[in-house]
Amino acid sequence: MFTRLPVMNAAGCVQKRDWKTEEKGGGHAARSGLMARDNGSPKIHQLDSTRWSVTYVLVVVALCITFYILGAWQNTTPPALDPTSNLATNAGCDCPCLRPGGSSSTAAALDFDAHHESSLNETPATIDKFPPCDLNFSEYTPCHDRTRGRRFERAMLVYRERHCPGNDELIRCLVPAPPKYKTPFKWPQSRDYAWYDNIPHKELSIEKAVQNWIQVDGDRFRFPGGGTMFPRGADAYIDDINALISLTDGTIRTAIDTGCGVASWGAYLLRRDIVTMSFAPRDTHEAQVQFALERGVPAMIGVMATQRLPYPARAFDMAHCSRCLIPWHAFDGLYLTEVDRVLRPGGFWILSGPPIHWKKYYQGWERTQEDLKNEQDSIEEVAKRLCWKKYIEKEDLAIWQKPFNHIECIESRRMYETTPQICKNDNADAGWYKKMEACITPLPEVGGPDEVAGGVLEKWPERAFAVPPRISRGTIPGVDSRKFEEDNAMWKERVTHYKRIILPLPKGRYRNVMDMNANLGGFAAALVKYPVWVMNVVPASSNRDTLGVIYERGFIGTYQDWCEAFSTYPRTYDLIHADGVFSIYQDRCDITYILLEMDRMLRPEGTVIIRDTVEVLTKVQAITDGMRWNNQIIDHESGPFNPEKILVAVKTYWTADPSTQQ
């Protein structure tokens with residue numbers, strides 16, 4: 001007896017075999033043995049027939065195994081998903097290898113292309129499980145809802161912080177794109193242009209007309225690159241900074257822009273290989289962060305209020321404020337102390353606008369000279385108490401530098417009891433719903449005054465693949481240099497697999513990418529040569545906090561609890577990657593709302609990649625089938641025997657019905 005193994009063709013479909021013929025062969029061998037005994041030669045003939053029977057069985061088993069392995073090997077080669085078709089196709093077998101919205105061991109065709117001319121009338125007439133929300137939800141930001149924010153106090157801008165809806169306020173509908181929505185311009189053209197129909201707000205073009213933030217040009221917006229303190233344009237302004245500190249030698253890679261406007265500073269730093277986390281609140285300057293993301297520039301909704309920024313300690317090489325209107329000297333220097341926490345040792349803080357160069361601008365700022373002088377003196381004093389050194393002040397720019405270690409800073413506290421004091425028993429990296437404190441976040445200990453606290457970083461681009469100091473120093477549990485290298489190799493293999501199944505991936509089809517469970521940042525590193533930027537998200541409840549490692553590699557990201565909504569506008573990401581996210585959260589909250597949040601963030605005709613076990617993906621797919629996504633499950637890059645699978649989905653194009661406006 002032996003197990004009959006199915007044979008799989010190149011499409012991964014089981015082929016039928018004629019087992020009757022093989023049974024006849026086996027029966028013939030048995031009858032031969034019986035005849036041998038009847039003929040009176042039982043020993044010799046029985047031995048021969050037994051030998052032939054065993055040989056026959058071994059040959060058949062070998063052939064079955066060979067054909068099975070051959071079929072499986074053919075199935076592990078992932079066929080490319082044809083970007084010219086959105087129909088599922090069978091692969092030449094009589095079995096249903098794929099159903100619309102269904103699963104398959106191989107990848108049939110999904111449409112990854114953008115279609116600018118799509119309209120509401122072209123959407124399928126099927127009734128979806130999840131109905132579209134009303135048009136007034138088209139810019140819904142659940143945790144930054146202005147109506148909900150009014151319930152909270154205005155002091156210190158608490159009402160502009162994250163305030164997420166309770167279970168009774170959650171919505172179970174699909175956030176619609178506005179009528180006439182078009183696929184955004186490709187990068188780098190998107191830096192300078194955006195479609196008016198995608199963000200139909202003219203307020204900034206009127207309020208900031210003199211400052212050249214944004215202009216309406218027919219059916220599109222144009223971004224001249226201007227700003228409040230750089231009327232000659234962001235490029236010229238950055239050149240002025242570069243004349244004071246080097247922005248081009250690879251030392252400065254990560255930056256943070258507080259009160260970013262439409263993120264022109266971050267947009268023009270990209271050409272210098274500096275990636276900037278820009279943030280601004282959802283306030284009277286309507287949709288400024290939405291404009292930034294529409295341009296293909298990293299940005300988040302955020303505010304300096306009472307809670308720490310959602311980033312780890314020692315994350316940014318440079319911090320910037322250009323007339324951001326943050327009261328740096330107020331509340332015992334609380335906000336500047338928070339900048340100190342997220343700034344790397346030796347990092348720079350750049351300030352332009354009030355009160356810098358007040359002797360020239362005080363009349364235009366409509367403030368007295370005494371008031372402005374007192375403000376600058378107060379900022380200088382706070383910076384000094386943080387142990388910063390005034391690096392340079394020239395015309396409209398003032399630059400301070402954080403110390404490379406805290407040896408002198410700690411000594412000064414012992415001698416003079418200067419405030420603020422060094423924080424005690426504090427998790428410096430904690431940045432999720434953690435209150436700010438007016439104390440200095442301690443730097444890692446050093447062996448001497450010339451040593452850089454936390455370790456020296458390589459210059460960019462070597463920094464992306466060099467072993468980060470947090471790993472080499474053993475501060476990340478369970479991760480050493482060898483595992484770091486293995487992780488890089490694994491993600492290189494995975495992205496190679498993605499390129500075979502998502503043909504537009506390396507061709508500029510995607511710009512804004514999110515990794516919902518970034519771990520060590522290997523996915524972002526594998527995409528480093530593509531025209532994309534990646535928002536690396538580390539779950540706030542993760543057992544291993546790796547966001548600091550991601551910043552040490554020269555990438556950006558944030559903490560996030562995926563049981564809540566992300567701090568962004570709808571339709572701001574082209575590609576969302578979720579590795580093991582649903583296994584993490586399936587017992588913590590309803591994964592339906594995680595998928596609805598992904599749909600809110602995803603642009604029409606955007607792509608989702610979800611990696612998880614078959615059992616989890618089956619649950620996920622049962623939900624996504626009702627979300628106007630075309631999706632399918634394909635094999636792991638190592639082959640069909642791996643229990644982990646990959647769900648690839650494309651969000652279909654559809655827009656709101658104008659009649660649903662309330």
Side-chain angles (χ1 to χ4, degrees), residues 141 143-144 156-164 254-261 263 265-266 275-283 288-289 292-293 298-322 324-328 330-345 347-351 382 386 388 400 402 420 423 426-443 518 535-540 542 545-552 555-561 564-568:
T141 51
C143 295
H144 300 273
M156 295 184 70
L157 301 180
V158 170
Y159 73 110
R160 286 181 177 163
E161 293 183 318
R162 283 177 60 91
H163 301 293
C164 298
T254 58
I256 184 170
D257 191 9
T258 55
C260 63
W265 189 69
V275 60
T276 305
M277 178 67 79
S278 301
F279 73 85
R282 179 162 188 174
D283 58 11
Q288 50 188 331
V289 167
L293 289 159
M300 289 179 63
I301 302 174
V303 66
M304 298 284 277
T306 66
Q307 295 173 355
R308 283 182 174 181
L309 299 174
Y311 317 120
R314 313 192 316 274
F316 300 99
D317 306 311
M318 176 171 62
H320 175 257
C321 163
S322 176
C324 59
L325 304 180
I326 296 173
W328 297 113
F331 313 113
D332 293 324
L334 183 66
Y335 299 142
L336 208 54
T337 303
E338 175 63 3
V339 171
D340 177 79
R341 183 185 72 87
V342 299
L343 201 59
R344 279 197 54 75
F348 296 100
W349 182 57
I350 302 170
L351 177 63
V382 172
L386 290 172
W388 293 6
W400 286 263
K402 179 177 176 176
C423 299
D426 182 46
N427 179 2
D429 289 338
W432 187 249
Y433 291 124
K434 172 79 172 176
K435 290 290 184 181
M436 292 183 189
E437 296 180 77
C439 58
I440 300 175
T441 301
L443 291 174
M535 179 67 76
N536 294 280
V537 178
V538 172
S542 176
D545 183 356
T546 56
L547 192 54
V549 167
I550 290 169
Y551 274 95
E552 287 183 341
F555 304 116
I556 60 172
T558 183
Y559 296 112
Q560 170 68 23
D561 181 352
E564 301 179 0
F566 193 74
S567 293
T568 191

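All of these numbers come straight from a predicted model, not from anything done at the bench.
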Using 0.5 Å steps for rounding, measure from the [atom1] atom of [X] to the [atom2] atom of [Y].
X    : Y    : atom1 : atom2 : answer
H163 : H144 : NE2   : NE2   : 9.0 Å
M318 : T276 : CE    : OG1   : 6.0 Å
L309 : M436 : CG    : CE    : 5.0 Å
K435 : T306 : NZ    : OG1   : 3.0 Å

Which heavy atom of [X] sits nearest to which heavy atom of [Y], and what is that distance?
X    : Y    : answer
A305 : Y335 : O-CE2, 2.9 Å
V382 : G333 : CG1-CA, 3.8 Å
Y551 : A315 : CD2-O, 3.3 Å
L334 : A438 : CD1-N, 3.6 Å
A280 : V289 : O-CG2, 3.6 Å
Y311 : R341 : O-NH2, 3.0 Å

Would a 4.5 Å heavy-atom cut-off, applied to side chains only, mark [X] and [Y] as touching?
X    : Y    : value
M304 : F279 : yes
V339 : L386 : no
V537 : T558 : yes
L547 : D429 : no
D332 : P420 : no
F566 : M535 : yes
R308 : E338 : yes
R314 : P345 : yes

Side chain to side chain donor-acceptor pair (under 3.5 Å) partners of [X], counting only residues at least two apart:
X    : result
H320 : Y237, D257
R162 : Y433, E564, S567
T254 : D317
D545 : Y559

By side chain to side chain contact (heavy atoms under 4.5 Å, CB included) - contacts of A292 (at least two apart):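 Residues passing side chain to side chain contact (heavy atoms under 4.5 Å, CB included) with A292: A263, A299.
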By side chain to side chain contact (heavy atoms under 4.5 Å, CB included) - contacts of C324 (at least two apart):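 Here the qualifying residues are T258, C321, I326, W328.
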Mark yes when over 12 heavy atoms from residues, nucleotides or ligands other than N427 sit less than 6.0 Å from its CG; otherwise mark no.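 More than 12 heavy atoms, drawn from other residues, nucleotides or ligands, come within 6.0 Å of this atom.
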Using 30° and 60° as the class limits, which term best fits the ring planes of W400 and W349: parallel, tilted or perpendicular?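 Taking W349 first and then W400, their aromatic rings sit tilted (interplane angle of 30° to 60°).
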With no hydrogens and no angle check, is any side-chain donor or acceptor of Q307 less than 3.5 Å from a backbone partner on E161?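 Absent.
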Would K402 and L443 satisfy side chain to side chain contact (heavy atoms under 4.5 Å, CB included), going step by step from the backbone distance to the final call? CA-CA 11 Å; K402 179 177 176 176; L443 291 174; 3.9 Å; yes
